[in-house]
Amino acid sequence: MKKRRVGVLMGGTSAEREVSLRTGEGVARALEARGHEVARVVFGTEPVDKTLRDAKIDVAFLALHGRGGEDGCIQGMLELLGIPYTGSSVLASALAMDKLKAKEMFRLHNIPTPPYYVATESDLVELEELHGSFGFPVIVKPRGEGSSIGLTKAENMRELRLGIEAALEHDRCALVERYIKATEVHVGILDGRVLGCIEVVPKSGLYDYAAKYTAGETDYILPPRIAPTRARGVMNLAERAVRALGCTGAVRVDLLVTEGENEYVLEVNTLPGMTPTSLLPKIADHAGIDYGSLCEMILEGADLHAGAHGERNAANRRRSGVTFKERDLSLVRKAV
């Protein structure tokens, strides 16, 4: 693969800034170890377009999380500047980040997802009427945040009100979702190919921000403790969810697997965490792909999606040389 000046985009102003910085540093070191010229592009108070222009990069590896990074905003800026980037298109990123729109797409494509409704600040006045016979317990989360920020579990009306108020601190809308007792399984996908899946078991019982990023708070089981035939069904469902949203590149799909025959898609993450201990690298490692190789494979998929730079788009693919699709996939096939 021809070495280009790679900008690893990290930081930002979202609630996930610190996680993004850790992801970005891990990716930057891995790519440098493989001979790439890497620029650490840290977003903060400076205008985004100025930061990008000053970096003088040929391709962008997106290590951003949360608002501005996963929701299509930075993707749109990169499209306008003609800088190929990793991950999904503007539209797919926006759909996946918006939990309500993602669920609507899932329902349109007959992909099972837990029942839900949306609440705003004005709905708090007649919350009992809105909630009606929906029942308890429920999960409450902001409509457009990641990393389970603002996520709570409510067992009654009082906790529901507090949960919605907490979610509204991060967003104008809160998503109220029926709680389903199940095993939580996450599926890793790269360039449309399933790498495998992992079971997460938070010790608190809720896979919230603290459970994700506090050492020792969650157990990870790989492969998951479900039958191989069931695992294949779960991974197939994850593929369907990714196709429904039009996501590309490295993707992680979060699902619930019940003791019965039901599986539910919770959400699709278009820029999953890429610290060396994050879920996608764990899944990839189990498939025989080490962290450095995973970073380089993701970089190989960097592209422009909007068509505004068609000739440059094709040139980028030619310059990248061998692609993931042309690699020996025996390790990946073995994992699934």
Side-chain angles (χ1 to χ4, degrees), residues 1-98 144 146 246-250 269-275 295-321 323:
M1 177 179 180
K2 181 178 179 179
K3 303 300 186 289
R4 296 168 283 173
R5 180 172 169 81
V6 180
V8 178
L9 278 52
M10 64 182 94
T13 57
S14 79
E16 300 175 71
R17 176 180 172 84
E18 292 306 314
V19 177
S20 170
L21 291 173
R22 297 210 307 266
T23 288
E25 185 58 31
V27 170
R29 290 180 179 178
L31 292 178
E32 285 176 333
R34 289 176 166 259
H36 292 275
E37 180 186 358
V38 175
R40 291 164 173 77
V41 184
V42 182
F43 292 111
T45 57
E46 287 284 331
V48 172
D49 61 333
K50 182 179 185 303
T51 302
L52 284 171
R53 292 180 191 279
D54 290 347
K56 294 180 172 55
I57 59 175
D58 299 310
V59 60
F61 192 116
L62 299 187
L64 292 161
H65 299 306
R67 294 181 185 277
E70 290 185 77
D71 56 7
C73 291
I74 191 65
Q75 290 82 357
M77 177 65 71
L78 292 165
E79 290 282 356
L80 291 173
L81 294 176
I83 301 173
Y85 55 93
T86 59
S88 296
S89 68
V90 175
L91 178 59
S93 299
L95 287 173
M97 189 68 175
D98 188 322
C247 300
T248 54
N269 299 271
T270 57
L271 291 178
M274 279 294 295
T275 66
C295 290
E296 195 158 41
M297 287 178 177
I298 294 172
L299 178 61
E300 288 175 1
D303 213 340
L304 292 166
H305 301 265
H309 300 272
E311 292 183 4
R312 180 169 179 175
N313 214 4
N316 289 328
R317 286 192 290 268
R318 288 194 297 270
R319 280 204 306 270
S320 68
T323 66

Working to the nearest 0.5 Å, report the span between CG of Leu271 and OG of Ser20.
9.0 Å

Using modelled atom types and a 3.5 Å cut-off, is there a donor and acceptor pairing between side-chain atoms of Glu70 and backbone atoms of Gly66?
yes

Is it true that, when you exclude Arg29 itself, more than 12 heavy atoms of the residues, nucleotides or ligands shown sit nearer than 6.0 Å to its CZ?
no

Using only atom types and a distance under 3.5 Å, with no angle test, would you say the side chain of Gln75 pairs donor to acceptor with the backbone of Gly72?
yes

Please find the pair of heavy atoms, one from Leu304 and one from Ile83, that lie closest to each other, and give the distance.
CD2-O, 3.4 Å

Rounded to the nearest 0.5 Å, how far apart are OG of Ser93 and CG of Leu64?
11.0 Å

Using side-chain heavy atoms (C-beta onward) and a distance below 4.5 Å, is Glu37 in contact with Asp58?
no

When rounded to the nearest 0.5 angstrom, what is the spacing between OG1 in Thr270 and CG in Asp71?
9.0 Å

In short, Val8 meets Gly24 closest at the heavy-atom pair CG1-O, 3.5 Å

From CA spacing to verdict: side-chain contact (heavy atoms from CB on, under 4.5 Å), Asp54, Glu46
CA-CA 11 Å; Asp54 290 347; Glu46 287 284 331; 5.8 Å; no

For residues Ala63 and Thr23, report the shortest heavy-atom separation together with the two atoms involved.
CB-CG2, 3.7 Å

Identify the two heavy atoms, one from Ala39 and one from Arg5, that lie closest to each other, and give their separation to 0.1 Å.
CB-NH2, 3.4 Å

Should Val27 and Met10 count as side-chain neighbours, where that means a heavy-atom distance under 4.5 Å?
no

Check whether any side-chain N or O of Ser88 sits under 3.5 Å from a backbone N or O of Thr248 as a donor-acceptor pair, and report yes or no.
yes

Over all heavy atoms of both residues, which pair between Ser14 and His65 is shortest? Give the atoms and the distance, please.
OG-O, 2.9 Å

Which heavy-atom pair separates Val59 from Ala302 by the least distance, and what is that distance?
CG2-CB, 3.4 Å

Look at the side chain of Asp98 and the backbone N and O of Leu95, then say whether any donor-acceptor pair between them is shorter than 3.5 Å.
no

Please identify each residue that fulfils side chain to side chain contact (heavy atoms under 4.5 Å, CB included) with Ser89, with sequence neighbours left out.
Leu91, Ala92, His305

Measuring from atom OG1 of Thr275 to atom CD of Glu25, what distance do you get when rounded to the nearest 0.5 angstrom?
12.5 Å

So do Leu9 and Leu78 actually touch side chain to side chain, heavy atoms under 4.5 Å?
yes

Roughly how far, to the nearest 0.5 Å, is the CE atom of Met274 from the CD1 atom of Ile298?
4.0 Å

Are Glu18 and Arg22 close enough for a salt bridge, meaning some N to O gap below 4.0 Å?
no

With sequence neighbours excluded, residues passing side chain to side chain contact (heavy atoms under 4.5 Å, CB included) with Val48:
Phe43, Leu52, Ile74, Met77

